[in-house]
Amino acid sequence: MMLPFPLAPEPDDITAEAARKFFAGETTFVKGVVAMSGLPAADRAEVCFAGRSNVGKSSLINALTGRKGLARASNTPGRTQEINFFERDDLYIVDLPGYGFANAPVAVVEKWQRLLKSYLSGRQTLRRAFMLIDSRHGVKPVDEEIMTLLDRSAVPFQVVLTKDDKIKEKDRDPMLAQVRKALSKHPAAFPELIATSSEKGLGLPTLRSTIHGLRD
């Protein structure tokens, strides 16, 4: 019996090599946006990355593009409140601010939520959102809120499990079961998971190939 939301298969050699070559080129920072009026022209495909603060989003983007300092990691959850755009050839890679920050002022959180909703509902070139979930913790209530927002915005999203090298083997199947159960409630969820480790390079060929294929 096929499990719902299986782990995505590894790409074949040709597909993986094409994606590797694409991301081997230079990825550059375009701008940080704090209002819809500041968005760059919607003249190419784009994918965005969303996740709780400290889920490993910056590390994953850096590992994906092969540039250690491209996306800046912060030890202070929620410090960066901009939507950051990076450009790789004919693709925008969009880094959304981490959510679930306990220490941010209410007004800051509300402003961020309004910007996020406007971006998700109004960006026609957005091909997919990658929803990052820490393998050690699974889906949290705040993740469910963002998934519901993606449902309402009709934005397809795919869960990317981060820090997959750090989860204990005995905890892996229960975590996957919890994630699959949570995703079953969300119509916008793409029906495959990608497990990654920025530190070990696990799953990066699969993620690169997935993104590379969304450009067409």
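Side chains of Val159 and Met147 form a contact here, defined as non-hydrogen atoms less than 4.5 Å apart. Glu46 is not listed as a side-chain neighbour of Ile93, based on a closest heavy-atom distance of 4.5 Å or more. Arg152 is not listed as a side-chain neighbour of Lys117, based on a closest heavy-atom distance of 4.5 Å or more. At least one side-chain heavy atom of Thr196 sits less than 4.5 Å from a side-chain heavy atom of Thr162. With a 4.5 Å cut-off on side-chain heavy atoms, Phe49 and Leu132 count as touching. You'll find the side chain of Phe85 reaches within 4.5 Å of the side chain of Pro40, heavy atoms only. Between Lys57 and Arg52 there is no side-chain heavy-atom pair separated by less than 4.5 Å. In this structure, Leu70 and Thr27 have side chains that are in contact, with non-hydrogen atoms separated by less than 4.5 Å.
Side-chain atoms of Asp151 come within 3.5 Å of backbone N or O of Ala188 as a donor-acceptor pair. Under a 3.5 Å cut-off, the side chain of Ser184 and the backbone N or O of Lys181 do form a donor-acceptor pair. Using modelled atom types, one side-chain atom of Arg127 and one backbone atom of Leu214 make a donor-acceptor pair closer than 3.5 Å. Between the side chain of Gln158 and the backbone N or O of Pro191, no donor-acceptor pair lies under 3.5 Å. Using a distance-only test at 3.5 Å, with no hydrogens or angles considered, no donor-acceptor pair links the side chain of Glu26 to the main chain of Arg88. For the pair Arg208 (side chain) and Leu64 (backbone), a donor-acceptor distance under 3.5 Å is present. No side-chain donor-acceptor contact under 3.5 Å links Asp171 to the backbone of Ile167.
Checked against salt bridge (Lys or Arg N to Asp or Glu O under 4.0 Å), Arg215 has the following partners two or more places apart in sequence or in another chain: Asp90.
Under the 4.5 Å side-chain contact rule for hydrophobic residues, Leu202 and Leu176 do not share a cluster. Hydrophobic clustering keeps Ile61 apart from Val94 (ILVMFWY residues linked when any side-chain heavy atoms are closer than 4.5 Å, directly or through intermediates). Both Val55 and Ile194 belong to a common hydrophobic cluster when Ile, Leu, Val, Met, Phe, Trp and Tyr are linked at side-chain heavy-atom distances under 4.5 angstrom. Under the 4.5 Å side-chain heavy-atom criterion for Ile, Leu, Val, Met, Phe, Trp and Tyr, Phe190 and Leu91 are members of distinct hydrophobic clusters. Connection of Val160 to Ile133 is not established within any shared hydrophobic cluster, with ILVMFWY side chains joined at heavy-atom distances below 4.5 Å, either directly or through further cluster members.
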Apply the test side chain to side chain contact (heavy atoms under 4.5 Å, CB included) to residues Asp95 and Ile83: give CA-CA distance (whole Å), side-chain angles for both, the deciding distance (0.1 Å), then the verdict. CA-CA 6 Å; Asp95 182 12; Ile83 296 178; over 6 Å; no

Candidate pair Arg172 and Asp164, rule salt bridge (charged side-chain N to carboxylate O under 4.0 Å, His left out), full reasoning: CA-CA 9 Å; Arg172 187 176 177 79; Asp164 192 56; 2.5 Å; yes

For Val155 and Leu149: C-alpha separation, side-chain torsions, deciding distance, then whether side chain to side chain contact (heavy atoms under 4.5 Å, CB included) applies. CA-CA 9 Å; Val155 175; Leu149 175 58; over 6 Å; no

Give the C-alpha distance, both sets of side-chain angles, the deciding distance and a yes or no for side chain to side chain contact (heavy atoms under 4.5 Å, CB included) between Leu183 and Arg180. CA-CA 5 Å; Leu183 289 178; Arg180 286 165 173 151; 5.8 Å; no

Would you check, one step at a time, whether the test side chain to side chain contact (heavy atoms under 4.5 Å, CB included) holds for Leu115 with Met36? CA-CA 7 Å; Leu115 177 60; Met36 288 293 287; 4.3 Å; yes

Given the rule in the salt bridge (charged side-chain N to carboxylate O under 4.0 Å, His left out) test, do Lys185 and Glu144 qualify, once you have shown the distances and angles that lead to the verdict? CA-CA 9 Å; Lys185 297 179 273 184; Glu144 293 267 19; 3.5 Å; yes

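To the nearest 0.5 angstrom, Ser209 atom OG is 11.5 Å from Ile14 atom CD1. The OG1 atom of Thr28 sits 5.0 Å away from atom CD of Glu87, with the distance rounded to the nearest 0.5 Å. The distance from atom CG of Leu126 to atom CD of Gln124, rounded to the nearest 0.5 Å, is 9.5 Å. Atom CE of Met131 and atom NE2 of His186 lie 8.0 Å apart (nearest 0.5 Å). For the atom pair CG (Leu96) and CG (Asn84), the distance works out to 9.5 Å, reported to the nearest 0.5 Å. Rounding to the nearest 0.5 Å places CE of Met175 at 4.5 Å from OG of Ser135.
Of all heavy-atom pairs spanning Leu120 and Ser153, the tightest one is CB-OG, 3.8 Å. Of all heavy-atom pairs spanning Thr206 and Pro9, the tightest one is CG2-O, 3.8 Å. Heavy atoms only, all atoms of each residue included: Gly56 and Ser198 are closest at O-OG, 4.4 Å. Residues Leu204 and Ala63 come closest through the heavy atom pair CD1-CB, 3.8 Å. Between Val33 and Gly38, the shortest heavy-atom contact is CG2-O, 3.5 Å.
Counted within 6.0 Å of CD on Glu10, heavy atoms from surrounding residues, nucleotides or ligands total 12 or fewer; the atom is thus considered open.
In this structure, Arg44 is positioned above the aromatic face of Tyr92, its NZ or CZ under 6.0 Å from the six-membered ring centre and within 45° of the axis. A cation-pi arrangement, defined by a distance under 6.0 Å to the six-membered ring centre and an angle within 45 degrees of its axis, is absent between Arg128 and Phe157.
We find that Asp134 and Lys163 are joined by a salt bridge, their nearest charged nitrogen and carboxylate oxygen being less than 4.0 Å apart. With respect to Lys31 and Glu82, no salt bridge is recorded, no charged nitrogen being found less than 4.0 Å from a carboxylate O.
Counting only N and O atoms by type, the side chains of Thr15 and Asp12 include a donor and acceptor under 3.5 Å apart.
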